[in-house]
S.K.: 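Pasting in a structure now, in structure tokens, and then I'll have a few things to ask.
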Amino acid sequence: MPKVLIVEDEEPLSLLLRYNLEAEGYAVESCVRGDEAEIRLRESLPDLLLLDWMLPGLSGIELCRRLRAREDTERLPVIMLTARGEEAERIRGLSTGADDYVVKPFSVPELMARVRAILRRASPEVVSTMLRSGDIELDRETHRVRRNTKEIHLGPTEFRLLEFLMTSPGRVFSREQLLDGVWGHDVYVDERTVDVHVGRLRKALNKGKAKDPIRTVRGAGYAFNDQFTATA
């Protein structure tokens, strides 16, 4: 599971980033001060750092400069978040060693794509294009799903729903969380639609006597069963 450290003093933005990163299967930690982040990074290293430019204690740009001067962090992937959009400021941010530079306000899906792209280049072993559990295999690149080597034909919504659940096995998602994670914040869909698509996904996956990998938690939502195995 790729580890991401968010260093951002705007709490709503930090929570938004954490929610979306965790939904994609990342392990996330966060802090609000640059000097606190520097201490944490001496204790353990994440796979990627999301770093705000303006921070209390120690600025993001100074922290990035210090990280690049250390042997153990000189190659740590860093995406800098900032409200500064002028070309000269972007050049300054990149010249300190940031791998990418995102100007606020930004598109969360675009940022997630940048996170995946940087991790794929820097640590390809931590960003898998394949999700596997039991006898189910999901290929993110080809959008194909197989169960016991047989291809399962899913619609685009059912594919995204299965992918979303498989990235966090065992975690129970409410219908509202599934709506946000699969359909997006800007699309209005009734919560009952989630039940319909879960039913379609189950019908496609559970042919014959195959075990149902999706667990219904009464009053809470749905989860991909983390105890699921091909023979269970």
S.K.: Taking only Lys NZ, Arg NE, NH1 and NH2, and the carboxylate oxygens of Asp or Glu, determine whether Asp135 and Arg146 approach each other closer than 4.0 Å.
M.R.: no
S.K.: Output all residues satisfying salt bridge (Lys or Arg N to Asp or Glu O under 4.0 Å) with Arg218, sequence neighbours left out; order by chain, then residue number.
M.R.: none
S.K.: Does a side-chain heavy-atom distance below 4.5 Å link Leu21 with Ile6?
M.R.: yes
S.K.: Do Phe106 and Val115 sit in the same hydrophobic cluster, where Ile, Leu, Val, Met, Phe, Trp and Tyr count as joined when their side-chain heavy atoms come under 4.5 Å apart?
M.R.: yes
S.K.: Using only atom types and a distance under 3.5 Å, with no angle test, would you say the side chain of Arg68 pairs donor to acceptor with the backbone of Leu76?
M.R.: yes
S.K.: At what distance, to the nearest 0.5 angstrom, does NE2 of His197 lie from CG of Leu178?
M.R.: 11.5 Å
S.K.: For Arg40, give me all partners under side chain to side chain contact (heavy atoms under 4.5 Å, CB included), at least two apart in sequence or on another chain.
M.R.: Leu5, Glu29, Cys31, Glu36
S.K.: Apply side chain to side chain contact (heavy atoms under 4.5 Å, CB included) to Leu138 and Phe159, showing your working.
M.R.: CA-CA 9 Å; Leu138 182 147; Phe159 180 90; 3.7 Å; yes
S.K.: What is the minimum heavy-atom distance between Asp35 and Pro56, and which atoms define it?
M.R.: OD1-O, 4.2 Å
S.K.: Looking at side-chain heavy atoms only, is the closest gap between Leu67 and Glu74 below 4.5 Å?
M.R.: no
S.K.: Taking atom CG of Leu111 and atom CD1 of Ile79, what is their separation to the nearest 0.5 Å?
M.R.: 5.5 Å
S.K.: Would you mind reporting whether Leu161 and Tyr222 have side-chain heavy atoms less than 4.5 Å apart?
M.R.: no
S.K.: Show every salt bridge (Lys or Arg N to Asp or Glu O under 4.0 Å) that has at least one partner inside residues 105-115, sequence neighbours left out.
M.R.: Asp100-Arg114, Glu110-Arg114
S.K.: Do Glu24 and Arg116 have side-chain heavy atoms sitting under 4.5 Å apart?
M.R.: yes
S.K.: Glu38: which residues meet the side chain to side chain contact (heavy atoms under 4.5 Å, CB included) condition with it, sequence neighbours left out?
M.R.: Arg42, Leu58, Leu63, Arg66
S.K.: Would you please test Leu55 and Leu51 for side chain to side chain contact (heavy atoms under 4.5 Å, CB included) and show each step?
M.R.: CA-CA 9 Å; Leu55 292 166; Leu51 180 62; 3.8 Å; yes
S.K.: Output all residues satisfying ring-ring contact (aromatic ring centres under 6.0 Å, His included) with Phe164, sequence neighbours left out; order by chain, then residue number.
M.R.: Phe173
S.K.: Drop me the distance from Leu48's CG to Leu119's CG, to the nearest 0.5 angstrom.
M.R.: 5.0 Å
S.K.: Take Met166 and Ile136 through the side chain to side chain contact (heavy atoms under 4.5 Å, CB included) test and state the conclusion after the steps.
M.R.: CA-CA 10 Å; Met166 286 184 72; Ile136 296 177; 4.2 Å; yes
S.K.: Report, as yes or no, whether the 6.0 Å neighbourhood of atom CZ on Arg70 holds more than 12 heavy atoms from other residues, nucleotides or ligands.
M.R.: yes
S.K.: Mind checking what makes salt bridge (Lys or Arg N to Asp or Glu O under 4.0 Å) contact with Asp139, not counting sequence neighbours?
M.R.: none
S.K.: When you check the gap from the basic side-chain N to the acidic O, do Arg132 and Glu137 get nearer than 4.0 Å?
M.R.: yes
S.K.: Hey, could you give me each pair passing side chain to side chain donor-acceptor pair (under 3.5 Å) that has a residue in residues 7-17? Not counting sequence neighbours.
M.R.: Glu8-Lys104, Glu10-Lys104
S.K.: Please report the interatomic distance CZ(Phe224) to CG(Leu201), rounded to the nearest 0.5 Å.
M.R.: 9.0 Å
S.K.: Restricting to pairs with a member in residues 148-161, which pass salt bridge (Lys or Arg N to Asp or Glu O under 4.0 Å), not counting sequence neighbours?
M.R.: Arg144-Glu151
S.K.: For the residue pair Gly221 and Arg175, what are the closest heavy atoms and their distance?
M.R.: CA-NH1, 4.3 Å
S.K.: Side chain to side chain contact (heavy atoms under 4.5 Å, CB included) with Val217: which residues, sequence neighbours excluded?
M.R.: Val172, Arg215, Ala220
S.K.: State, yes or no, whether a side-chain contact exists between Pro77 and Leu49 at a heavy-atom distance under 4.5 Å.
M.R.: no
S.K.: With sequence neighbours left out, write down each residue that passes side-chain hydrogen bond (donor to acceptor under 3.5 Å, both in side chains) with Ser30, or none if nothing qualifies.
M.R.: Arg18
S.K.: When rounded to the nearest 0.5 angstrom, what is the spacing between CG in Leu179 and OG1 in Thr193?
M.R.: 7.0 Å
S.K.: Is any side-chain heavy atom of Leu81 closer than 4.5 Å to a side-chain heavy atom of Trp53?
M.R.: no
S.K.: Could you work out, with side chain to side chain contact (heavy atoms under 4.5 Å, CB included) as the rule, every residue matching Ser59, not counting sequence neighbours?
M.R.: Ile61, Glu62
S.K.: Please assess Arg147 against Asn206 for the test side chain to side chain contact (heavy atoms under 4.5 Å, CB included), listing each intermediate value before the final yes or no.
M.R.: CA-CA 9 Å; Arg147 183 164 196 181; Asn206 305 334; 3.2 Å; yes
S.K.: Between Asp47 and Tyr26, do the side chains contain an N or O donor and an N or O acceptor separated by less than 3.5 Å?
M.R.: no
S.K.: Give the other cluster members for Ile39, using side-chain heavy-atom distances under 4.5 Å between Ile, Leu, Val, Met, Phe, Trp and Tyr residues; answer none if it is isolated.
M.R.: none
S.K.: Starting at CG of Asp212, measure out to CG of Asn225 and round the result to the nearest 0.5 Å.
M.R.: 8.5 Å
S.K.: If you group Ile, Leu, Val, Met, Phe, Trp and Tyr by side-chain heavy-atom gaps below 4.5 Å, do Leu50 and Val32 land in one group?
M.R.: no
S.K.: How close do Leu45 and Asp72 get, heavy atom to heavy atom, and via which atoms?
M.R.: CD1-O, 3.3 Å
